[in-house]
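Contents: one structure, followed by commentary.
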Amino acid sequence: MDSQGFREAANATIDEIITYFDTLATRNVVSAVEPGYLRKLLPSEPPQDGEPWADIQKDIEAKIMPGITHWSHPGFHAFFPCATSYPSILGELYSSALSGACFNWICSPAVTELETVVLDWLAKTLGLPACFLSTGPTRGGGVIQGSASEAVLTAMVAARDKELSEEEREERVMVKRSRMVALATTLTHSSAKKAALILGVRFRAVRVREEDGYALTRERLAEALAECRAQGLEPFFLAATLGTTDVCSVDDFDGISRALAEHAAPPGQPGEVWVHVDAAYAGAALVCPEVQEATKIALISRFHSFDMNMHKWLLVNFDASCFFVRNRDWLVQALSVNQAVYGNKASDGGLVTDYREWQIPLGRRFRSLKIWFVMRSYGVKGLQEYIRRTIKMGEDLAESLRSRSDLFEIVTGPKFALTVFRLAAKSEGAPLEERNALTRALYEKVNATGKIWLTSTELDGRFAIRLMTGVRTTEKEHVDTAVKTLVEIAEEVMKG
Ligand code: PLP
């Protein structure tokens, strides 16, 4: 493809993408293909001669679209959103044109420097304490990771190896690993457990309860720490959450600090517990000052790291997981492994950031560009407006469900645009199994319409439906459709 060919192909592609978004609501949300559908549609060998773009592009609609589940569909109420927006797509375009493995500053100074600047912008916008800024008092800073799972793994490595020399590190890792415990809760995302598995350390999930709003409290953490100590185990890491996946609960940051002050070593001492705040989804809502206040985000200045995915609820395409640490030296000490081929004057002079030392992979893409484009195109006010609009739709939806208490019972929320609910009891004292079966029937019938997509969870044995209203394209009319569909099918299930 030459320059002129690219110009024509790119124009045709952009046109098709715009039409896709403009007509998205007319499609079903979830792909209905059978496993293996694509192999039947594609030749078993690659073409020997190159094909014209027009032929390739045709196959997007004919062969790929049937197998696409539309995460930007206004009826997508499942999981959490996976964002996209036009400015972000433009960022991806430039990023792929300026392709490079920008692991060191010299590999493209703009890639490193823009990342540092936009992550400082983001930290300020989210109201993070100054210790997480690259210009803050504690040598903090942010780095873009591929996912929240990568971020928690990175934080856990740094916590495990923090302030150890290479020999001590080996001693600790090899000998003490059998006693090291990473703590989380029963509602912490599974990525924390996976990180512990990868690092070969123990993992304990503290049970969170309905009466505590499914949050980790001072008492529960204190009990868990005491239990570990009694068993001769060494808690070294705690994954706290701002917005759990199932119900969007927020752990009690003040309670966590107090429990650690009473039951763990002081900061900087052996036995200190690294606290990582996973705000993968709900962290986006911190763009609103009222959310910063409600979640007491200022209290995380006592913690070690924080991560949020702009690619979930903040209009930036996957992948843009923004990971902040209170002291970047912790990452560099844990992850810096030198190899002669990567040495250069700028790095050796110690004046630049080489982000390869803050992450697991070596190479890295120009991901800050799409963040820069989105923050400049929307402005902080635009981001706030979007988050507030989606939160309000969640509140309106919950209100509609509440007004039909004959059909629905809210289990948690609305919180951060997520409402968790189940079918009301058909009769007083209806057994749990019956309510679960009826709620499941509602859930499956609604999803079978293809018009909206919901996900479910289970809380203390109760099957419940999650409905999220955070997708960029979702408007009031789509939420009204969701309510109407739920009411109609709930009435049918109740009668049946
Ligand atoms: N943490 C929370 C609270 C999540 O909800 C999720 C995914 O939804 C993750 C972590 C994992 O995110 P990622 O896919 O970026 O690893």
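In listed order, ligands and their atoms are each counted from 1. Note: hydrogens, waters and symmetry copies are ignored here, and every other heavy atom, side chains too, is used.
The aromatic rings of Trp71 and Phe79 sit parallel to each other, their planes meeting at less than 30°, with 60° as the upper class boundary.
For Arg472, there are no salt bridge (charged side-chain N to carboxylate O under 4.0 Å, His left out) partners, not counting sequence neighbours.
For Asn317 and Ser88, the side-chain atoms include at least one donor-acceptor pair closer than 3.5 Å. Judged purely by distance below 3.5 Å, without hydrogens or angles, the side chains of Asp251 and Tyr214 never pair a donor atom with an acceptor atom. Donor-acceptor pairing under 3.5 Å is recorded for the side chains of Thr116 and Tyr355.
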Give one line per pair: atom of ligand 1, protein atom, distance. Only N/O to N/O under 3.5 Å.
{"residue": "ligand 1", "atom": "1 (N)", "partner": "Asp278", "partner atom": "OD1", "Å": "3.3"}
{"residue": "ligand 1", "atom": "1 (N)", "partner": "Asp278", "partner atom": "OD2", "Å": "2.6"}
{"residue": "ligand 1", "atom": "5 (O)", "partner": "Thr245", "partner atom": "OG1", "Å": "2.8"}
{"residue": "ligand 1", "atom": "8 (O)", "partner": "Lys312", "partner atom": "NZ", "Å": "3.4"}
{"residue": "ligand 1", "atom": "12 (O)", "partner": "Lys312", "partner atom": "NZ", "Å": "3.4"}
{"residue": "ligand 1", "atom": "15 (O)", "partner": "Ala148", "partner atom": "N", "Å": "2.7"}
{"residue": "ligand 1", "atom": "15 (O)", "partner": "Asn309", "partner atom": "ND2", "Å": "2.9"}
{"residue": "ligand 1", "atom": "16 (O)", "partner": "Ala148", "partner atom": "N", "Å": "3.4"}
{"residue": "ligand 1", "atom": "16 (O)", "partner": "Ser149", "partner atom": "N", "Å": "2.9"}
{"residue": "ligand 1", "atom": "16 (O)", "partner": "Ser149", "partner atom": "OG", "Å": "2.5"}

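When each of Gln145, Arg367, His311 is paired with Asp319, the side-chain hydrogen bond (donor to acceptor under 3.5 Å, both in side chains) condition holds for Arg367 and for no other.
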